[in-house]
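Every number for a ligand or one of its atoms is a count from 1 in the order of the listing.
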Amino acid sequence: MRERDMTRRQVLGIGGALGLMAATGLSASAALARRPSITGAESRSALPLPPPFQVPLPIPSVLAPVSTSGGTDRYAITQREASMEILPGIRTPLWTYEGTFPGPTIESRRGRPITVTHRNELPVPTVVHLHGGRTPAASDGYPTDLVLPEGWPETAMHTGHGMHDPRAVVTKLTRDYTFPLDQRPTLLWYHDHRMDFTAPAIWRGLAGLHIVRDDAEDALGLPTGPRELPLMIADRTFAADGSLAYPALDPTLRERPGVTDPYLAGVLGDVILVNGAPWPVHEADAARYRLRILNASNARHYELEAVTDDGHRLDLVQIGADQGLLAAPVTHRALPIAPAERYDVIIDFSGVAIGSRVRVVNRLGSGRTRDVMAFRIARNATDDSRIPRTLSDDLPAWRRSDAVRVREFSFRTGRMRGGHGWLIGGLPFDPSRSDVTASLGDVEVWRLIADVHHPVHLHLVGFRVLSRGGRPPLPHDAGLKDTVSLRPGESVEIITRFDGYRGRYLFHCHNAEHEDMGMMANLEII
Ligand SMILES: [Cu+2]
């Protein structure tokens with residue numbers, strides 16, 4: 001990896017935005033006006049990259065339950081090393097769920113609990129978190145609730161810079177995670193959440209999709225079957241030997257967390273993968289498609305648009321957010337998506353010439369990272385799908401006046417244990433510290449303030465965006481969210497109700513490098 005090979009624009013990620021605000025004394029709003037498009041640094045692959053739109057879009061296989069008796073679906077997933085062909089003709093060693101990247105998709109029904117038995121055959125401890133799940137704390141994947149691999153010395157048990165966490169529940173080799181899934185239907189994803197090492201673990205392949213459905217959504221008449229496509233977008237960089245290149249201080253990911261200097265604000269890859277394939281192409285009917293988009297990148301933001309060969313932009317009709325269906329569709333020409341956010345989008349290819357292409361591009365990318373994937377419109381087809389004007393009527397309508405308190409949190413860079421860190425309210429994560437204690441059932445307003453880009457994620461609950469930069473939310477803030485993208489210098493207010501389960505949860509930045517470098521805090525529901 002040529003670490004210094006960055007454009008000036010990419011360097012702006014940390015040095016630029018922070019320097020702009022600190023050195024010149026610019027106000028947050030002035031920094032906002034000169035907002036850099038990227039937080040992080042892009043690393044370069046050391047082997048030739050394939051041309052775009054050649055590799056077919058893979059669809060992750062749906063995992064079959066090992067049992068469906070007793071009112072619970074039971075699944076088994078082995079976490080193990082595997083090698084896959086990602087770049088044509090190149091083998092890439094990965095850390096996987098069940099031997100594939102993305103891991104197998106779990107399809108479940110609202111209110112029907114599932115138990116997933118994870119077996120850790122990787123060389124390091126792991127933790128599974130179901131992102132967006134309303135999950136009891138014992139199965140939520142708290143970062144110190146490690147599953148130790150065979151032979152891992154317990155004396156060397158690493159819970160983060162040697163921190164001791166007396167509440168950690170550590171298991172050997174396997175752990176059962178139980179998910180009640182008593183929640184709105186939506187696209188969730190599961191990924192590793194190990195203390196200090198989440199970013200490299202996800203980068204190596206520990207991520208998979210989980211779709212929750214219910215009868216009401218099934219009855220809407222949305223595109224379905226082969227016209228419903230999950231799209232997990234993630235950037236990666238490849239080393240000369242075909243392995244994934246990640247600038248870890250400790251490449252074994254056993255002892256020392258963190259990344260090398262130019263990547264402290266985030267690791268960006270130069271290859272855009274969708275469902276694990278580089279810049280793939282999908283043969284589509286000239287009909288409506290439902291795209292269920294996840295940004296599973298560690299730090300890269302996208303602003304997606306769909307462009308035909310003759311330069312027309314197709315509407316992206318958003319029908320859902322992180323936590324399920326909107327009240328009514330929202331039409332976008334371009335859709336910003338931060339790490340861990342999901343959008344449920346209808347795109348209509350019926351007016352596109354047969355044989356031509358629709359490219360999905362990232363307006364924030366440049367060069368090869370501007371392309372994401374393409375659809376080749378292969379054939380005419382009948383289409384009896386529809387987009388109802390009313391999609392759902394069960395969105396929470398919390399009002400400011402319902403809130404029993406307002407909290408404020410800054411998300412900023414700072415010093416941590418003598419080095420560079422990312423801090424919430426001026427503090428790096430400490431499992432043993434109490435940060436937020438909320439009573440079950442309480443409605444609260446949180447004001448979140450950023451220096452650079454920080455996609456902020458709350459475990460357990462969905463929330464609504466109340467304001468952005470002192471103004472009404474943007475069109476893509478609609479619906480129920482679990483991750484909100486703070487842009488440089490911006491403040492965002494969210495409102496939520498802490499219900500579901502009591503216990504110890506988290507909120508954190510979902511720039512995975514920030515998360516590993518301190519940007520998490522405890523959320524205790526009592
Ligand atoms: Cu962050």
Side-chain angles (χ1 to χ4, degrees), residues 10-22 28 31-32 35-42 129 131 143 160 191 193 195-203 234-235 247 257-259 261-268 295-302 322 336-341 364 408-416 419-430 435 446-459 463 465 468-469 481-492 494 506-523:
Q10 286 150 356
V11 175
L12 266 180
I14 176 168
L18 299 179
L20 208 66
M21 292 174 72
L32 195 63
R35 175 186 298 155
S37 61
I38 284 175
T39 291
E42 185 176 300
H129 170 60
H131 181 117
H191 62 75
H193 213 308
M195 183 79 186
D196 292 340
F197 292 96
T198 291
I202 294 176
W203 183 274
D235 57 342
V259 293
D261 182 23
Y263 302 101
L264 294 170
V267 179
L268 307 180
N295 181 359
S297 308
N298 282 20
R300 184 180 288 280
H301 290 241
Y302 303 77
D322 304 331
I337 182 166
E341 283 190 303
L364 304 179
E408 188 169 298
F409 300 100
S410 65
F411 289 75
R412 294 188 189 286
T413 190
R415 303 291 290 174
M416 177 173 89
H420 176 275
W422 294 96
L423 314 178
I424 300 177
L427 297 170
F429 181 56
D430 179 347
D435 295 301
W446 287 15
R447 186 173 300 131
L448 314 170
I449 303 163
D451 54 0
V452 294
H453 292 93
H454 297 293
V456 176
H457 170 49
L458 272 63
H459 286 215
F463 54 78
V465 179
R468 184 182 276 282
K481 304 275 296 166
D482 58 45
T483 306
V484 63
S485 177
L486 310 183
R487 298 175 298 178
E490 195 171 51
S491 74
V492 167
I494 60 172
L506 288 169
F507 63 103
H508 62 89
C509 179
H510 221 293
N511 173 314
E513 280 75 33
H514 296 190
E515 171 179 348
D516 281 348
M517 284 181 267
M519 201 167 251
M520 295 198 290
N522 286 304
L523 167 60

Quick one: how many protein N/O/S atoms are under 2.8 Å away from the Cu ion (ligand 1)? 3

What verdict does the side-chain hydrogen bond (donor to acceptor under 3.5 Å, both in side chains) test give for Thr483 and His131, after you've listed the backbone C-alpha separation in whole Å, the side-chain angles of each residue and the deciding distance to 0.1 Å? CA-CA 10 Å; Thr483 306; His131 181 117; 3.2 Å; yes

For [Y], is there any backbone N or O sitting under 3.5 Å from a side-chain donor or acceptor partner on [X]?
| X | Y | result |
| --- | --- | --- |
| Glu515 | Ala512 | no |
| Asp235 | Leu268 | no |
| Asn511 | Ala265 | yes |
| Asp435 | Asn522 | yes |

Would you give the length of the straight line joining atom SG of Cys509 to atom NE2 of His453, rounded to the nearest 0.5 angstrom?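 Here the rounded value is 11.0 Å.
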
